[in-house]
Enquirer: 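Let me begin by handing over the structure; questions about it come next.
In what follows, every chain begins at residue 1, and chains take the letters A, B, ... in the order their sequences are listed. Quick note: numbers below take in every heavy atom, side chains included, and nothing from hydrogens, waters or symmetry partners.
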Number of protein chains: 2
Amino acid sequence: MTASIKDVARAAGVSPATVSRALGKGPVSAALRAQVLEAVRATGYRPNLAARRLRSQESGTIGLVVADIGNPFFTGVARAVEEAAYQAGLRVILCNTGEDPAREAIYLRLMQEERVTGMILAPTRVTAERLATQPPEVPVVLIDRAGPPGGFDSVLLDNQAASAALVDHLVAQGYRRIAGLFGQTSGTGIERAEGYRAAMARHGLPVRERFLLPQVVAAEQGFAALRAEGPLPEAVLVSNSLLLMGVLRASRAAGLRIPADLALAGFDNEDWTGLVEPGLTVVEQPLAEIGRVAMALLFERLRLPGTPVRKVMLSGRCVLRGSTARRGGPEAD
Amino acid sequence: MTASIKDVARAAGVSPATVSRALGKGPVSAALRAQVLEAVRATGYRPNLAARRLRSQESGTIGLVVADIGNPFFTGVARAVEEAAYQAGLRVILCNTGEDPAREAIYLRLMQEERVTGMILAPTRVTAERLATQPPEVPVVLIDRAGPPGGFDSVLLDNQAASAALVDHLVAQGYRRIAGLFGQTSGTGIERAEGYRAAMARHGLPVRERFLLPQVVAAEQGFAALRAEGPLPEAVLVSNSLLLMGVLRASRAAGLRIPADLALAGFDNEDWTGLVEPGLTVVEQPLAEIGRVAMALLFERLRLPGTPVRKVMLSGRCVLRGSTARRGGPEAD
DNA sequence: GCGGTCAATGAAAACGTTCTCAGTCACCTT
DNA sequence: AAGGTGACTGAGAACGTTTTCATTGACCGC
């Protein structure tokens, strides 16, 4: 088939070992190295990574397992991860689980079979729990979603604080009857719900919440159900951008004016949230930072396996836009 | 380290060959198979994919090399590709080149070293030309962007027709001075420009075009340059969603009303294009279909390597929205 | 009852690398 | 001049699988 290192060796008139050294790091005389390089060119040799990995017992690969590659949050993080890996001479295997725990399990197994050097993982709640009892043999860094207490290195947004900040902002703008819609598959949705609840309690306001699948259509249906079950709230807090889009769509379809009939606040500062009218108030997550820190944690654990578990908590940034303009006041922004 | 097939064999009291057969397809008695499975459980054995690939000489992996994983066009295609691969029991390696030919070359080499079964590729113009002289040894299917004539299987949008359809629509709506902004890194941008030129010629209208890097900021600057160089056109045709966003931003910043001061039409029916006010007229590409067809072409070529090269051309669907409402008329939607 | 077929199993080779080990040669020290 | 040092090189083992080949029985038809 394709040329192997032996073919190159024969062409260059040296031993396979010398070819390996000439291409790698070993000591080789300049003359032989030139011969080898010429032979490589002549034969069109490409090293076989499977053989290399088998022999050297290291894959030079890290696994990145996320819920949804269509979600700009994960693509943002993935870019930073890939960039860091590229700098370090590592490859990235990207896996897309679609929030499906079964698929997550399959990919986790696959990563082990690939003998990845380490993994970065955004687990569903189901998988997060399973990780506690069946930890993978390779270093794992969790992103976006908390794992079992004390278990793994992780880099997280301070979801409770961010959620509470949105509630405080809404209250300050004059809203009182604030409903919450949260994703149900991830620990993140749960945490954001808790922040919402705590802040509402602090203000002495009643909670009204629903948990949904993190999909646009689920949010449209969920919002419809919310309306059906009782009076329209003054504002809705939403735990991710897919749900935010769904609620926006549904409220548009219902002819609601934003924020006059309904204020809206959510997570993830995607481009489109600033382009719709009015702009949507969101908590911006530091995507690149999350990716970079995750890789840094992974590298450190690989370097010093014994170090205690570290959880890095990053803060979001509130981007205030017209969707939460002062209640009853002029539509700012 | 981790258990190997020999450990399992020892635990089960059989030979490594029998373990391999029990786990794979070979004929094994039910009793021994049960023993082996039990031993696998006991030892926590996970097959080593590097060894398997080396021995069996097939990677069970296909490479997907795209320009920008942050671009919803590519994530949409990637999803379909991954789904098809998953069904077929194949893995996908996803590579992100950022429209950088150097990085593209690196990843193409990497795919060969991984001994991928086949590749799906959206090349920049530079790489597309290089493919003609240095074709990879594995089957390649091109998507989104045409390669060298007659060279590779590919699945493409009928860009010229789609572009012309947008021009025709704009003309029908009463627009005459129509400018075009196109991406310069891909053959796609070029083709869309050609369709624009041809349609404008057909209508006897003058062409006014610029070629830009496919980035939001480049479009903002490009649009500013367009305005600086002469009178504001009545409409702008834009060759992809990043440029579309840039032009929308820039025209908002300049206080232009759409479509009264400037009509806008582009490519890719992303969610946000229907959520902004007014909605943007776009050509929708069949993302999932592109991914599926690409995989189908790849599979067929693997099955029957001798078949002649096939180019599948899919049509886009015009989604008409308010951004191209009739000139001077009421703002329809 | 006997050659022949067939399923099940094990021994050992092979996949393409890297790495250890031992060897060669040139050069330096004493 | 003998021994030591060091840089370079090749032979061969090893990585963990799959696969070929041979062997063993069991079973079949005659």
Enquirer: In whole angstroms, how far is the P atom of C:dT9 from the CD atom of B:Gln35?
Expert: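 The answer, rounded to whole Å, is 9 Å.
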Enquirer: Using the side-chain heavy atoms of B:Ile5, tell me which of these nucleotides is nearest: C:dT18, C:dC15, D:dT18.
Expert: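 For B:Ile5, the side-chain atoms sit closest to D:dT18.
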Enquirer: Taking the six-membered ring of A:Tyr86 (Phe, Tyr or Trp), confirm whether the NZ or CZ of B:Arg103 is under 6.0 Å from its centre and within 45° of its axis.
Expert: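 Yes - B:Arg103 lies over the ring of A:Tyr86, closer than 6.0 Å to its centre and within 45° of its axis.
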Enquirer: Measure NZ/B:Lys25 against P/D:dT18 and give the value in whole Å, please.
Expert: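 Atom-to-atom, B:Lys25 to D:dT18, this comes out as 10 Å.
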Enquirer: If you measure only the distance, is there a donor-acceptor pair under 3.5 Å linking the side chains of A:Thr124 and A:Glu99?
Expert: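 No pair is found: no donor N or O on one side chain lies under 3.5 Å from an acceptor on the other.
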Enquirer: Salt bridge check, A:Glu137 against B:Arg46: does any charged N sit closer than 4.0 Å to a carboxylate O?
Expert: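 No, B:Arg46 and A:Glu137 are not salt-bridged.
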Enquirer: Between B:Arg53 (CZ) and D:dT17 (P), how many Å, whole number?
Expert: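 It is 13 Å, rounded to the nearest whole Å.
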Enquirer: Does A:Gln57 make a side-chain N or O approach to OP1 or OP2 of D:dG16 shorter than 4.0 Å?
Expert: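 So the side-chain polar atoms of A:Gln57 do come within 4.0 Å of the phosphate oxygens OP1 or OP2 of D:dG16, strictly under.
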Enquirer: Touch check for A:Ser4, heavy atoms < 4.0 angstrom, all strands: base, sugar-phosphate only, or nothing?
Expert: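 Sugar-phosphate, backbone atoms only, no base.
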Enquirer: Measure across A:Leu156 and A:Ala146 and return the closest heavy-atom pair with its distance rounded to 0.1 Å.
Expert: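 So the minimum-distance heavy-atom pair works out to CD2-N, 3.7 Å.
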Enquirer: Using a heavy-atom distance cut-off of less than 4.0 Å, which residues of residues 41-51 of chain A contact DNA chain D?
Expert: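 Within this stretch, nothing sits under 4.0 Å of the strand.
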Enquirer: Whole-Å distance between C:dT17 P and B:Glu113 CD?
Expert: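 Value for this atom pair: 10 Å.
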Enquirer: Check the distance between C:dG16's P and A:Arg10's CZ and give it to me in whole angstrom.
Expert: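 It works out to 12 Å between those atoms.
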Enquirer: Please give, in whole Å, the distance from C:dT17 P to A:Asp7 CG?
Expert: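 In whole Å, C:dT17 P lies 9 Å from A:Asp7 CG.
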Enquirer: Using a cut-off of 4.0 Å between protein heavy atoms and nucleotide atoms, how would you tag nucleotides 6-14 of chain D 5' to 3' with B, S and -?
Expert: --SBBB-BB
Enquirer: Can you tell me how far the OH atom of A:Tyr107 sits from the CE atom of A:Met119, to the nearest 0.5 Å?
Expert: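 Interatomic distance, A:Tyr107 OH to A:Met119 CE, rounded to 0.5 Å: 12.5 Å.
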Enquirer: Can you check the B:Glu58 CD to D:dT19 C1' distance for me, whole Å?
Expert: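 Result: 13 Å.
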Enquirer: Can you figure out which of D:dT17, C:dG16, C:dT18 approaches the side chain of A:Arg115 most closely?
Expert: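 The closest nucleotide is D:dT17.
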Enquirer: For A:Arg33, is there an ion pair with A:Glu38 - N to carboxylate O distance below 4.0 angstrom?
Expert: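 So A:Glu38 does not pair with A:Arg33 through a salt bridge.
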Enquirer: Should the pair A:Glu58-A:Arg115 be classified as a salt bridge under the 4.0 Å nitrogen-to-oxygen rule?
Expert: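 No, A:Glu58 and A:Arg115 are not salt-bridged.
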Enquirer: Determine, for B:Glu82 against B:Arg79, whether the closest basic-nitrogen to carboxylate-oxygen distance falls under 4.0 angstrom.
Expert: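 No.
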Enquirer: Which whole-number value in Å describes the distance from B:Leu54 CG to C:dA14 C1'?
Expert: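 It is 9 Å, rounded to the nearest whole Å.
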Enquirer: Check B:Asp153 with B:Arg301, please: is the shortest side-chain N to carboxylate O separation under 4.0 Å?
Expert: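 So B:Arg301 pairs with B:Asp153 through a salt bridge.
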